[in-house]
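What follows is one structure encoded as structure tokens, with my remarks underneath.
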Amino acid sequence: MGVFKKTAAEKAAIAEMKAADRRLNENSDREFAAGIRHETPEYQRLNAAANEAAAKVPFWQGGTKKKR
């Protein structure tokens, strides 16, 4: 296995993070188009889910997880 190869778990975590980000962005676009300019409960829920997903992915792959 090479240094930069991703495991199946890493690939799944990256896919989960990207999907959560996509859902958050789609919701933000819908709310903005509807004239909503504040953080709704749905936005806060999706944002929390995106943050949780990003915490499982190393920062060099777009997440927020730090090596320890």
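When reading the values below, keep in mind they use all heavy atoms of this one structure, side chains included, and skip hydrogens, waters and symmetry mates.
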Can you name the closest pair of heavy atoms from Ala20 and Ala50 and give their distance? CB-CA, 3.8 Å
Any side-chain heavy-atom pair of Val57 and Glu10 under 4.5 Å: no
Quick test of your reading of the model: are Glu26 and Arg23 salt-bridged, counting only N-O distances below 4.0 Å? no
From CD (Gln44) to OG1 (Thr40), nearest 0.5 Å: 7.0 Å
Closer than 3.5 angstrom, by distance alone: can the side chain of Asn25 be matched with the main-chain N or O of Asp21 as a donor-acceptor pair? yes
CD1 on Ile14 to NZ on Lys6, rounded to 0.5 Å: 5.0 Å
Kindly indicate whether the side chain of Asn27, heavy atoms from C-beta on, has any atom under 4.5 Å from the side chain of Tyr43. yes
Validation row: Lys56, Glu16 side chains within 4.5 angstrom (heavy atoms): yes
Checking Gln61 now: which residues fulfil side-chain hydrogen bond (donor to acceptor under 3.5 Å, both in side chains) with it, not counting sequence neighbours? none
Determine the minimum heavy-atom distance between Gly63 and Met17, stating which atoms define it. CA-SD, 3.7 Å
Under 4.5 Å between any side-chain heavy atoms of Leu46 and Glu42, yes or no? yes
